Amino acid sequence: MAHGIARIGKDHYRTGINVSGHDLIGDEGPGLGGKNAGPAPYDFLLAGLGACTAITLRMYADRKGWPLESVEVGLRLLNRDGLRIDRVLTIAGLDDEQMARLADIAERTPVTLTLKGGLPIDTRLA
């Protein structure tokens, strides 16, 4: 499974992140005291959902032998009746029935199901 580590020092709020061997930088925008050196935490959440959605839809179309040209996953975090994510799929190369099937599949990607179901987090001191 995935593994990662995040480290922060005295820099407001630049955070070095390593996830499964990939180095990333996280930060907050100037409005929250950061320098916008990288995505904010909720940006990473949307990135994970977007990548999982696009990859899953590509895998499904490939298995079906469909002529999928591209998938764009537009994501927006909204605070309307509580936090929620608005996801818009733009699909090229498929007919209406195939696109509807991919929209249905998007509701069951692994990250989608994790976010919808909640995820226990166990925290302890080293």
Side-chain angles (χ1 to χ4, degrees):
M1 288 299 303
H3 61 280
I5 190 162
R7 290 186 180 96
I8 192 168
K10 296 185 183 220
D11 292 335
H12 283 127
Y13 290 103
R14 183 185 173 100
T15 303
I17 303 162
N18 184 283
V19 181
S20 298
H22 301 280
D23 290 323
L24 308 167
I25 297 295
D27 201 356
E28 290 287 357
L32 293 175
K35 293 190 172 113
N36 205 29
Y42 276 118
D43 297 329
F44 283 114
L45 181 83
L46 293 180
L49 177 61
C52 183
T53 302
I55 290 167
T56 301
L57 298 185
R58 167 52 70 192
M59 286 177 171
Y60 187 87
D62 287 351
R63 274 195 303 262
K64 292 290 189 179
W66 291 351
L68 177 65
E69 292 174 18
S70 65
V71 174
E72 179 180 293
V73 183
L75 296 161
R76 203 174 194 172
L77 186 66
L78 304 171
N79 193 357
R80 180 176 51 205
D81 299 325
L83 283 179
R84 56 188 311 105
I85 295 172
D86 179 49
R87 177 171 51 189
V88 178
L89 304 175
T90 304
I91 299 169
L94 302 181
D95 63 34
D96 289 345
E97 187 176 316
Q98 291 167 326
M99 287 191 294
R101 181 66 180 141
L102 289 187
D104 182 54
I105 295 296
E107 289 299 315
R108 292 188 306 282
T109 71
V111 173
T112 298
L113 293 176
T114 298
L115 290 172
K116 286 183 173 185
L119 178 67
I121 299 173
D122 301 320
T123 303
R124 65 185 183 281
L125 294 172

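Heavy-atom basis, side chains included; hydrogens, waters and symmetry copies ignored. No experiment lies behind these values; they were computed from the predicted model shown.
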What residues, two or more places apart in sequence or in another chain, satisfy side chain to side chain contact (heavy atoms under 4.5 Å, CB included) together with [X]?
X    : value
D104 : R101, R108
P41  : E28
A92  : E69, S70

Ignoring hydrogens and angles, tell me if any N or O in the side chain of T112 forms a donor-acceptor pair with the backbone of A106 under 3.5 Å.
yes
Please check this pair: side chain of D27 against backbone of K35, looking for a donor-acceptor N/O pair closer than 3.5 Å.
yes
Are L83 and V111 in one and the same hydrophobic cluster, where Ile, Leu, Val, Met, Phe, Trp and Tyr link if side-chain heavy atoms are under 4.5 Å apart?
yes
Hphob cluster co-occupancy, L119 + L113, side-chain heavy atoms under 4.5 angstrom:
no
I'd like to check L89 versus T53 (side-chain heavy atoms, cut-off strictly below 4.5 Å). Are they in contact?
yes
Give, for atom [atom1] of [X] and atom [atom2] of [Y], the distance between the pair rounded to the nearest 0.5 Å.
X    : Y   : atom1 : atom2 : answer
R76  : D86 : CZ    : CG    : 7.5 Å
L75  : Y42 : CG    : OH    : 14.5 Å
T109 : I55 : OG1   : CD1   : 10.0 Å
L77  : L49 : CG    : CG    : 10.5 Å
F44  : I17 : CZ    : CD1   : 4.0 Å
I85  : L46 : CD1   : CG    : 5.5 Å

Closest approach of N36 and P30, non-hydrogen atoms and distance?
CB-CD, 4.0 Å
Identify the two heavy atoms, one from A2 and one from S20, that lie closest to each other, and give their separation to 0.1 Å.
CA-OG, 3.9 Å
Extract all donor-acceptor atom pairs below 3.5 Å that involve side chains of residues 3-14 and protein atoms in other chains or at least two apart in sequence.
none

Looking at residues at least two apart in the chain, or sitting in another chain, which of them share a salt bridge (Lys or Arg N to Asp or Glu O under 4.0 Å) with E107?
R87, K116
Using the salt bridge (Lys or Arg N to Asp or Glu O under 4.0 Å) rule, collect all pairs that involve residues 36-58, keeping only residues at least two apart or in two chains.
R58-D62
